[in-house]
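Working notes for the structure below.
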There are 2 protein chains.
Amino acid sequence: MSIQTRKERERAEREALIVTAARELAEAEGWEAVTTRRLAAEIEYSQPVLYSHFKGKEAIMAAVAVQGCAEMAAELRTASRAAKGKRETLAAVGEAYTAFARRRPALYDAMFTLRVDLPFATPEAPAALQEAFAELRAAVEPIAAEGDDPGLLTETYWAGLHGLVTLMRSGRLPEGAHERRLELLTGHFTAEASR
Amino acid sequence: MSIQTRKERERAEREALIVTAARELAEAEGWEAVTTRRLAAEIEYSQPVLYSHFKGKEAIMAAVAVQGCAEMAAELRTASRAAKGKRETLAAVGEAYTAFARRRPALYDAMFTLRVDLPFATPEAPAALQEAFAELRAAVEPIAAEGDDPGLLTETYWAGLHGLVTLMRSGRLPEGAHERRLELLTGHFTAEASR
DNA sequence: CCAGGAATTCTAGCAGCGCTAGCACAACTG
DNA sequence: CAGTTGTGCTAGCGCTGCTAGAATTCCTGG
(Lines give C-alpha, C1' and ligand atoms only; values in the text may rest on other atoms or scores of the structure.)
Protein backbone atom coordinates (compact mmCIF):
# COMPACT_ATOMS: atom_id res chain seq x y z
CA MET A 1 0.00 0.00 0.00
CA SER A 2 2.59 2.52 1.04
CA ILE A 3 4.91 1.52 -1.75
CA GLN A 4 2.08 1.84 -4.20
CA THR A 5 1.19 5.34 -3.09
CA ARG A 6 4.82 6.39 -3.05
CA LYS A 7 5.19 5.28 -6.64
CA GLU A 8 2.07 7.09 -7.65
CA ARG A 9 3.26 10.22 -5.92
CA GLU A 10 6.62 10.02 -7.63
CA ARG A 11 4.96 9.58 -10.99
CA ALA A 12 2.74 12.58 -10.38
CA GLU A 13 5.72 14.63 -9.36
CA ARG A 14 7.59 13.69 -12.48
CA GLU A 15 4.59 14.51 -14.60
CA ALA A 16 4.44 17.96 -13.02
CA LEU A 17 8.15 18.28 -13.65
CA ILE A 18 7.61 17.61 -17.35
CA VAL A 19 4.84 20.17 -17.64
CA THR A 20 6.84 22.78 -15.76
CA ALA A 21 9.94 22.15 -17.84
CA ALA A 22 7.93 22.39 -21.05
CA ARG A 23 6.35 25.61 -19.93
CA GLU A 24 9.59 27.21 -18.82
CA LEU A 25 11.38 26.20 -21.97
CA ALA A 26 8.54 27.53 -24.10
CA GLU A 27 8.39 30.80 -22.23
CA ALA A 28 12.15 31.23 -22.39
CA GLU A 29 12.79 30.23 -26.01
CA GLY A 30 9.42 29.69 -27.68
CA TRP A 31 7.60 26.48 -28.55
CA GLU A 32 9.87 25.69 -31.49
CA ALA A 33 12.67 25.16 -28.96
CA VAL A 34 10.59 22.63 -27.05
CA THR A 35 11.63 19.34 -28.62
CA THR A 36 11.14 15.99 -26.96
CA ARG A 37 14.92 15.51 -26.80
CA ARG A 38 15.48 18.86 -25.20
CA LEU A 39 12.64 18.30 -22.76
CA ALA A 40 13.98 14.89 -21.83
CA ALA A 41 17.39 16.37 -21.14
CA GLU A 42 15.81 19.08 -19.04
CA ILE A 43 14.05 16.62 -16.73
CA GLU A 44 17.09 14.32 -16.78
CA TYR A 45 15.25 11.31 -18.16
CA SER A 46 15.27 9.72 -21.57
CA GLN A 47 12.80 10.58 -24.30
CA PRO A 48 10.50 7.55 -23.96
CA VAL A 49 9.66 8.54 -20.40
CA LEU A 50 7.71 11.46 -21.79
CA TYR A 51 5.52 9.07 -23.70
CA SER A 52 4.73 7.04 -20.60
CA HIS A 53 3.08 10.18 -19.21
CA PHE A 54 1.63 11.82 -22.30
CA LYS A 55 0.34 10.58 -25.61
CA GLY A 56 2.66 12.89 -27.45
CA LYS A 57 4.03 16.39 -27.62
CA GLU A 58 0.62 17.90 -28.23
CA ALA A 59 -0.67 16.41 -25.00
CA ILE A 60 2.18 18.01 -23.08
CA MET A 61 1.33 21.33 -24.67
CA ALA A 62 -2.28 20.79 -23.73
CA ALA A 63 -1.29 20.35 -20.08
CA VAL A 64 0.62 23.61 -20.24
CA ALA A 65 -2.38 25.25 -21.87
CA VAL A 66 -4.66 24.17 -19.04
CA GLN A 67 -2.28 25.69 -16.50
CA GLY A 68 -2.32 28.86 -18.53
CA CYS A 69 -6.11 28.94 -18.56
CA ALA A 70 -6.23 28.75 -14.79
CA GLU A 71 -3.79 31.61 -14.46
CA MET A 72 -5.58 33.73 -16.99
CA ALA A 73 -8.90 33.10 -15.27
CA ALA A 74 -7.41 34.28 -12.00
CA GLU A 75 -5.95 37.42 -13.58
CA LEU A 76 -9.21 38.27 -15.32
CA ARG A 77 -11.05 37.84 -12.05
CA THR A 78 -8.63 40.12 -10.21
CA ALA A 79 -8.99 42.79 -12.87
CA SER A 80 -12.74 42.43 -12.83
CA ARG A 81 -12.97 42.78 -9.06
CA ALA A 82 -10.83 45.90 -9.02
CA ALA A 83 -13.04 47.72 -11.54
CA LYS A 84 -16.15 49.75 -10.73
CA GLY A 85 -18.82 50.19 -13.37
CA LYS A 86 -19.97 47.91 -16.22
CA ARG A 87 -17.90 49.64 -18.86
CA GLU A 88 -14.87 50.02 -16.69
CA THR A 89 -15.08 46.33 -15.85
CA LEU A 90 -15.16 45.29 -19.48
CA ALA A 91 -12.26 47.60 -20.25
CA ALA A 92 -10.28 46.23 -17.33
CA VAL A 93 -10.92 42.62 -18.34
CA GLY A 94 -10.01 43.32 -21.95
CA GLU A 95 -6.85 45.04 -20.80
CA ALA A 96 -6.01 42.14 -18.48
CA TYR A 97 -6.61 39.66 -21.31
CA THR A 98 -4.30 41.31 -23.78
CA ALA A 99 -1.71 42.04 -21.09
CA PHE A 100 -1.64 38.35 -20.21
CA ALA A 101 -1.24 37.39 -23.85
CA ARG A 102 1.66 39.80 -24.28
CA ARG A 103 3.38 38.90 -21.05
CA ARG A 104 3.08 35.14 -21.58
CA PRO A 105 3.09 34.64 -25.33
CA ALA A 106 4.08 30.99 -25.24
CA LEU A 107 1.36 30.18 -22.77
CA TYR A 108 -1.14 32.10 -24.86
CA ASP A 109 -0.14 30.26 -28.01
CA ALA A 110 -0.66 26.90 -26.37
CA MET A 111 -4.07 28.00 -25.15
CA PHE A 112 -5.49 29.66 -28.20
CA THR A 113 -3.27 29.52 -31.26
CA LEU A 114 -1.39 26.28 -31.69
CA ARG A 115 -2.98 22.99 -32.53
CA VAL A 116 -3.31 21.21 -29.26
CA ASP A 117 -4.80 18.00 -27.97
CA LEU A 118 -7.80 19.43 -26.10
CA PRO A 119 -11.59 19.60 -26.43
CA PHE A 120 -12.69 23.21 -26.61
CA ALA A 121 -16.19 24.22 -27.46
CA THR A 122 -17.80 21.28 -25.67
CA PRO A 123 -18.88 20.46 -22.11
CA GLU A 124 -15.79 18.24 -21.81
CA ALA A 125 -13.52 21.24 -22.10
CA PRO A 126 -11.16 21.56 -19.14
CA ALA A 127 -12.60 23.32 -16.12
CA ALA A 128 -9.86 25.95 -16.16
CA LEU A 129 -10.77 26.87 -19.71
CA GLN A 130 -14.45 27.18 -18.87
CA GLU A 131 -13.57 29.35 -15.89
CA ALA A 132 -11.56 31.72 -18.04
CA PHE A 133 -14.45 32.01 -20.48
CA ALA A 134 -16.87 32.50 -17.60
CA GLU A 135 -14.78 35.45 -16.38
CA LEU A 136 -14.97 37.03 -19.79
CA ARG A 137 -18.68 36.38 -19.93
CA ALA A 138 -19.26 37.91 -16.52
CA ALA A 139 -17.71 41.09 -17.83
CA VAL A 140 -19.57 41.09 -21.14
CA GLU A 141 -23.03 40.06 -19.97
CA PRO A 142 -23.90 43.34 -18.20
CA ILE A 143 -23.33 45.36 -21.33
CA ALA A 144 -25.37 43.09 -23.62
CA ALA A 145 -28.27 44.83 -25.38
CA GLU A 146 -31.85 43.54 -25.22
CA GLY A 147 -31.87 40.89 -27.88
CA ASP A 148 -28.22 39.91 -27.71
CA ASP A 149 -27.31 36.40 -26.69
CA PRO A 150 -24.69 36.95 -23.96
CA GLY A 151 -22.78 33.80 -24.84
CA LEU A 152 -22.43 34.81 -28.47
CA LEU A 153 -21.59 38.37 -27.53
CA THR A 154 -18.83 37.11 -25.27
CA GLU A 155 -17.46 34.92 -28.03
CA THR A 156 -17.49 37.89 -30.36
CA TYR A 157 -15.72 40.19 -27.93
CA TRP A 158 -13.26 37.41 -27.23
CA ALA A 159 -12.60 37.10 -30.94
CA GLY A 160 -11.83 40.80 -31.05
CA LEU A 161 -9.29 40.49 -28.26
CA HIS A 162 -7.81 37.37 -29.79
CA GLY A 163 -7.52 39.01 -33.18
CA LEU A 164 -5.76 42.04 -31.76
CA VAL A 165 -3.31 39.86 -29.90
CA THR A 166 -2.48 37.43 -32.68
CA LEU A 167 -2.21 39.99 -35.47
CA MET A 168 0.10 42.02 -33.32
CA ARG A 169 2.23 39.11 -32.25
CA SER A 170 2.68 37.85 -35.78
CA GLY A 171 3.77 41.27 -36.95
CA ARG A 172 0.61 42.02 -38.94
CA LEU A 173 -0.28 44.95 -36.67
CA PRO A 174 2.20 47.44 -35.19
CA GLU A 175 2.58 47.16 -31.43
CA GLY A 176 2.48 50.85 -30.80
CA ALA A 177 -1.20 51.63 -31.09
CA HIS A 178 -2.39 48.58 -29.18
CA GLU A 179 -3.96 50.52 -26.32
CA ARG A 180 -5.93 52.71 -28.66
CA ARG A 181 -7.20 49.75 -30.67
CA LEU A 182 -8.24 48.04 -27.47
CA GLU A 183 -10.12 51.15 -26.43
CA LEU A 184 -11.88 51.25 -29.77
CA LEU A 185 -12.91 47.62 -29.46
CA THR A 186 -14.19 47.95 -25.92
CA GLY A 187 -15.80 51.28 -26.71
CA HIS A 188 -17.82 49.82 -29.56
CA PHE A 189 -18.96 46.91 -27.43
CA THR A 190 -20.10 49.10 -24.59
CA ALA A 191 -22.14 51.24 -26.97
CA GLU A 192 -25.73 50.46 -27.94
CA ALA A 193 -25.88 48.23 -30.95
CA SER A 194 -27.92 49.81 -33.69
CA ARG A 195 -29.47 46.58 -34.96
CA MET B 1 19.61 38.49 -76.42
CA SER B 2 16.87 36.13 -77.43
CA ILE B 3 18.44 33.27 -75.57
CA GLN B 4 18.77 35.41 -72.50
CA THR B 5 15.11 36.40 -72.54
CA ARG B 6 14.00 32.86 -73.20
CA LYS B 7 15.90 31.68 -70.15
CA GLU B 8 14.44 34.39 -68.04
CA ARG B 9 10.97 33.53 -69.24
CA GLU B 10 11.48 29.87 -68.51
CA ARG B 11 12.72 30.67 -65.04
CA ALA B 12 9.73 32.87 -64.38
CA GLU B 13 7.43 30.13 -65.61
CA ARG B 14 9.03 27.60 -63.36
CA GLU B 15 8.78 29.96 -60.44
CA ALA B 16 5.08 30.37 -61.07
CA LEU B 17 4.83 26.61 -61.33
CA ILE B 18 6.34 26.25 -57.87
CA VAL B 19 3.99 28.77 -56.32
CA THR B 20 0.98 27.20 -57.97
CA ALA B 21 1.99 23.72 -56.92
CA ALA B 22 2.54 24.86 -53.35
CA ARG B 23 -0.79 26.55 -53.27
CA GLU B 24 -2.70 23.64 -54.74
CA LEU B 25 -1.03 21.17 -52.44
CA ALA B 26 -1.75 23.35 -49.43
CA GLU B 27 -5.37 23.84 -50.41
CA ALA B 28 -5.84 20.16 -51.04
CA GLU B 29 -4.04 18.68 -48.05
CA GLY B 30 -3.03 21.55 -45.79
CA TRP B 31 0.33 23.21 -45.28
CA GLU B 32 1.72 20.33 -43.23
CA ALA B 33 1.57 18.25 -46.42
CA VAL B 34 3.66 20.80 -48.31
CA THR B 35 7.18 19.52 -47.86
CA THR B 36 10.07 20.52 -50.04
CA ARG B 37 10.40 16.93 -51.27
CA ARG B 38 6.75 16.67 -52.13
CA LEU B 39 6.81 20.02 -53.86
CA ALA B 40 9.89 19.08 -55.85
CA ALA B 41 8.19 15.89 -57.00
CA GLU B 42 5.11 17.85 -57.99
CA ILE B 43 7.03 20.21 -60.27
CA GLU B 44 9.22 17.33 -61.51
CA TYR B 45 12.48 18.90 -60.45
CA SER B 46 14.83 18.10 -57.62
CA GLN B 47 14.69 19.80 -54.23
CA PRO B 48 17.60 22.21 -54.67
CA VAL B 49 15.85 23.84 -57.61
CA LEU B 50 13.35 25.28 -55.13
CA TYR B 51 16.19 27.02 -53.35
CA SER B 52 17.45 28.60 -56.54
CA HIS B 53 14.12 30.42 -56.73
CA PHE B 54 13.28 31.02 -53.08
CA LYS B 55 15.30 31.51 -49.95
CA GLY B 56 13.39 28.74 -48.23
CA LYS B 57 10.01 27.26 -47.60
CA GLU B 58 8.77 30.37 -45.84
CA ALA B 59 9.52 32.45 -48.91
CA ILE B 60 7.43 30.08 -51.03
CA MET B 61 4.59 30.42 -48.57
CA ALA B 62 5.00 34.17 -48.70
CA ALA B 63 4.56 34.10 -52.47
CA VAL B 64 1.37 32.11 -52.05
CA ALA B 65 0.22 34.58 -49.41
CA VAL B 66 0.69 37.48 -51.78
CA GLN B 67 -1.45 35.73 -54.40
CA GLY B 68 -4.07 35.20 -51.73
CA CYS B 69 -4.03 38.87 -50.78
CA ALA B 70 -4.71 39.87 -54.35
CA GLU B 71 -7.64 37.49 -54.59
CA MET B 72 -9.07 38.58 -51.28
CA ALA B 73 -8.77 42.23 -52.26
CA ALA B 74 -10.72 41.49 -55.42
CA GLU B 75 -13.44 39.63 -53.54
CA LEU B 76 -13.76 42.36 -50.94
CA ARG B 77 -14.07 44.93 -53.68
CA THR B 78 -16.77 42.95 -55.45
CA ALA B 79 -18.74 42.59 -52.25
CA SER B 80 -18.31 46.24 -51.47
CA ARG B 81 -19.52 47.35 -54.89
CA ALA B 82 -22.62 45.19 -54.70
CA ALA B 83 -23.75 46.69 -51.38
CA LYS B 84 -25.83 49.84 -50.94
CA GLY B 85 -25.56 51.80 -47.68
CA LYS B 86 -22.68 52.30 -45.29
CA ARG B 87 -23.77 49.62 -42.87
CA GLU B 88 -24.70 47.17 -45.55
CA THR B 89 -21.32 47.66 -47.16
CA LEU B 90 -19.46 46.94 -43.95
CA ALA B 91 -21.60 43.87 -43.37
CA ALA B 92 -21.01 42.68 -46.92
CA VAL B 93 -17.26 43.17 -46.67
CA GLY B 94 -17.10 41.39 -43.30
CA GLU B 95 -19.12 38.56 -44.74
CA ALA B 96 -16.87 38.37 -47.80
CA TYR B 97 -13.78 38.37 -45.58
CA THR B 98 -14.88 35.47 -43.40
CA ALA B 99 -16.28 33.60 -46.37
CA PHE B 100 -12.92 33.85 -48.09
CA ALA B 101 -11.14 32.61 -44.98
CA ARG B 102 -13.45 29.61 -44.69
CA ARG B 103 -13.38 28.77 -48.37
CA ARG B 104 -9.60 29.03 -48.69
CA PRO B 105 -8.23 28.13 -45.27
CA ALA B 106 -4.73 27.31 -46.45
CA LEU B 107 -4.45 30.58 -48.32
CA TYR B 108 -5.76 32.43 -45.30
CA ASP B 109 -3.26 30.78 -43.00
CA ALA B 110 -0.37 31.76 -45.22
CA MET B 111 -1.63 35.33 -45.30
CA PHE B 112 -2.49 35.92 -41.68
CA THR B 113 -1.69 33.05 -39.37
CA LEU B 114 1.52 31.21 -40.16
CA ARG B 115 4.94 32.68 -39.77
CA VAL B 116 5.93 33.84 -43.19
CA ASP B 117 8.77 35.68 -44.79
CA LEU B 118 7.04 39.00 -45.51
CA PRO B 119 7.05 42.60 -44.28
CA PHE B 120 3.62 43.50 -42.99
CA ALA B 121 2.92 46.68 -41.13
CA THR B 122 5.40 48.74 -43.12
CA PRO B 123 5.41 50.68 -46.39
CA GLU B 124 7.42 47.82 -47.93
CA ALA B 125 4.50 45.44 -47.50
CA PRO B 126 3.43 43.85 -50.79
CA ALA B 127 1.05 45.92 -52.87
CA ALA B 128 -1.58 43.18 -52.86
CA LEU B 129 -1.63 43.18 -49.07
CA GLN B 130 -2.02 46.93 -48.95
CA GLU B 131 -4.85 46.72 -51.45
CA ALA B 132 -6.71 44.20 -49.33
CA PHE B 133 -6.33 46.42 -46.29
CA ALA B 134 -7.43 49.42 -48.32
CA GLU B 135 -10.64 47.59 -49.28
CA LEU B 136 -11.37 46.94 -45.64
CA ARG B 137 -10.60 50.52 -44.80
CA ALA B 138 -12.87 51.83 -47.51
CA ALA B 139 -15.70 49.92 -45.88
CA VAL B 140 -14.88 50.96 -42.32
CA GLU B 141 -14.07 54.62 -42.85
CA PRO B 142 -17.65 55.78 -43.56
CA ILE B 143 -18.89 54.44 -40.25
CA ALA B 144 -16.09 55.92 -38.15
CA ALA B 145 -17.27 58.27 -35.41
CA GLU B 146 -15.96 61.84 -35.04
CA GLY B 147 -12.76 61.30 -33.14
CA ASP B 148 -11.94 57.83 -34.38
CA ASP B 149 -8.79 57.27 -36.38
CA PRO B 150 -10.04 55.38 -39.45
CA GLY B 151 -6.84 53.41 -39.78
CA LEU B 152 -6.96 52.18 -36.22
CA LEU B 153 -10.66 51.48 -36.46
CA THR B 154 -10.06 49.37 -39.55
CA GLU B 155 -7.32 47.46 -37.78
CA THR B 156 -9.65 46.84 -34.87
CA TYR B 157 -12.50 45.61 -37.04
CA TRP B 158 -10.04 43.47 -38.95
CA ALA B 159 -8.88 41.97 -35.67
CA GLY B 160 -12.47 41.09 -34.87
CA LEU B 161 -12.90 39.30 -38.17
CA HIS B 162 -9.55 37.58 -37.83
CA GLY B 163 -10.35 36.45 -34.31
CA LEU B 164 -13.67 34.98 -35.36
CA VAL B 165 -12.07 33.12 -38.22
CA THR B 166 -9.08 31.71 -36.36
CA LEU B 167 -10.89 30.73 -33.18
CA MET B 168 -13.46 28.93 -35.28
CA ARG B 169 -10.93 27.21 -37.49
CA SER B 170 -8.88 25.98 -34.56
CA GLY B 171 -11.95 24.53 -32.88
CA ARG B 172 -12.13 27.11 -30.10
CA LEU B 173 -15.48 28.42 -31.35
CA PRO B 174 -18.33 26.30 -32.73
CA GLU B 175 -18.96 26.83 -36.44
CA GLY B 176 -22.69 26.96 -36.14
CA ALA B 177 -23.28 30.45 -34.80
CA HIS B 178 -20.74 32.14 -37.03
CA GLU B 179 -23.23 34.26 -38.91
CA ARG B 180 -24.77 35.56 -35.72
CA ARG B 181 -21.38 36.41 -34.23
CA LEU B 182 -20.44 38.23 -37.40
CA GLU B 183 -23.67 40.22 -37.20
CA LEU B 184 -22.91 41.13 -33.61
CA LEU B 185 -19.44 42.32 -34.52
CA THR B 186 -20.55 44.38 -37.48
CA GLY B 187 -23.55 45.66 -35.55
CA HIS B 188 -21.41 47.00 -32.75
CA PHE B 189 -19.07 48.68 -35.17
CA THR B 190 -21.83 50.41 -37.07
CA ALA B 191 -23.27 51.76 -33.81
CA GLU B 192 -22.22 55.03 -32.25
CA ALA B 193 -19.30 54.53 -29.89
CA SER B 194 -20.09 55.83 -26.44
CA ARG B 195 -16.62 57.17 -25.74
C1' DC C 1 31.55 21.14 -86.44
C1' DC C 2 33.70 20.71 -82.38
C1' DA C 3 36.34 21.79 -77.94
C1' DG C 4 36.30 24.53 -73.72
C1' DG C 5 33.97 27.10 -70.34
C1' DA C 6 29.95 28.48 -67.90
C1' DA C 7 25.69 27.72 -66.03
C1' DT C 8 22.40 24.59 -64.30
C1' DT C 9 20.54 20.48 -62.10
C1' DC C 10 21.06 16.30 -59.53
C1' DT C 11 22.76 12.92 -56.10
C1' DA C 12 23.76 12.30 -51.66
C1' DG C 13 23.95 13.59 -47.16
C1' DC C 14 23.64 16.56 -42.62
C1' DA C 15 21.48 17.56 -38.43
C1' DG C 16 17.38 17.52 -36.33
C1' DC C 17 12.35 16.18 -35.62
C1' DG C 18 8.38 13.05 -33.18
C1' DC C 19 7.96 8.66 -31.88
C1' DT C 20 8.74 3.47 -30.65
C1' DA C 21 10.52 -1.54 -30.42
C1' DG C 22 13.07 -4.28 -27.62
C1' DC C 23 16.61 -5.02 -24.39
C1' DA C 24 18.80 -4.36 -19.71
C1' DC C 25 18.42 -3.32 -15.31
C1' DA C 26 16.23 -2.29 -11.02
C1' DA C 27 12.73 -3.09 -7.63
C1' DC C 28 9.36 -5.69 -5.35
C1' DT C 29 7.42 -10.45 -4.00
C1' DG C 30 7.35 -15.06 -2.06
C1' DC D 1 17.95 -15.17 -1.72
C1' DA D 2 15.60 -16.48 -6.41
C1' DG D 3 12.20 -15.21 -9.55
C1' DT D 4 9.05 -12.17 -11.54
C1' DT D 5 7.35 -7.76 -12.67
C1' DG D 6 7.75 -3.44 -14.34
C1' DT D 7 10.41 0.67 -15.40
C1' DG D 8 13.76 3.32 -18.21
C1' DC D 9 17.30 3.16 -21.59
C1' DT D 10 19.69 2.48 -26.14
C1' DA D 11 19.15 2.54 -30.66
C1' DG D 12 16.82 3.39 -34.67
C1' DC D 13 12.78 4.48 -38.15
C1' DG D 14 10.99 7.62 -41.35
C1' DC D 15 10.45 12.09 -41.85
C1' DT D 16 11.75 17.34 -42.04
C1' DG D 17 14.33 21.77 -44.20
C1' DC D 18 18.37 22.62 -46.32
C1' DT D 19 23.14 22.31 -48.86
C1' DA D 20 27.97 20.83 -50.70
C1' DG D 21 29.87 19.11 -54.49
C1' DA D 22 29.63 16.11 -58.44
C1' DA D 23 27.63 15.57 -62.96
C1' DT D 24 25.43 17.07 -66.81
C1' DT D 25 23.70 20.17 -70.04
C1' DC D 26 24.02 24.26 -72.67
C1' DC D 27 26.17 28.20 -74.94
C1' DT D 28 30.22 30.26 -77.01
C1' DG D 29 34.47 31.03 -79.82
C1' DG D 30 37.70 28.97 -82.97
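In the text below, chain A, chain B and the rest are named by the order of the sequence lines, each starting its count at 1.
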Dot-bracket line, read 5' to 3' along DNA chain C, where crossing pairs take [ ] and | marks a partner on another strand, Watson-Crick or G-U under 3.5 Å: |||.||||||||||||||||||||||||||

Closest non-hydrogen atom pair, B/Val165 against B/Tyr97: CG2-CE2, 4.5 Å

A/Glu44 atom CD: more than 12 heavy-atom contacts under 6.0 Å: no

Ion pair B/Glu131/B/Arg77, N-O distance below 4.0 Å: no

A/Tyr45 side chain near D/dG8 phosphate (N/O to OP1/OP2, under 4.0 Å): no

B/Arg11 CZ - C/dA7 C1' separation (whole Å): 11 Å

B/Arg14 with B/Glu10: basic N within carboxylate O range, under 4.0 Å: no

Length of the OH-P vector between B/Tyr51 and D/dG21, whole Å: 18 Å

Contact list for DNA chain D against residues 30-40 of chain B - heavy-atom distance below 4.0 Å: B/Val34, B/Thr35, B/Thr36, B/Arg37

Mutual orientation of the aromatic rings belonging to A/Phe189 and B/His188 [parallel < 30°, tilted 30-60°, perpendicular > 60°]: parallel

Carboxylate-amine/guanidinium contact B/Arg103 B/Glu75, below 4.0 Å: yes

Salt-bridge contact B/Arg169-B/Asp109 (side-chain N to carboxylate O under 4.0 Å): yes

Close residues, residues 52-63 of chain B, relative to DNA chain D [heavy-atom separation under 4.0 Å]: B/Gly56, B/Lys57

hbond_proxy A/Gln47 side chain to D/dC9 base (donor-acceptor, 3.5 Å cutoff): no

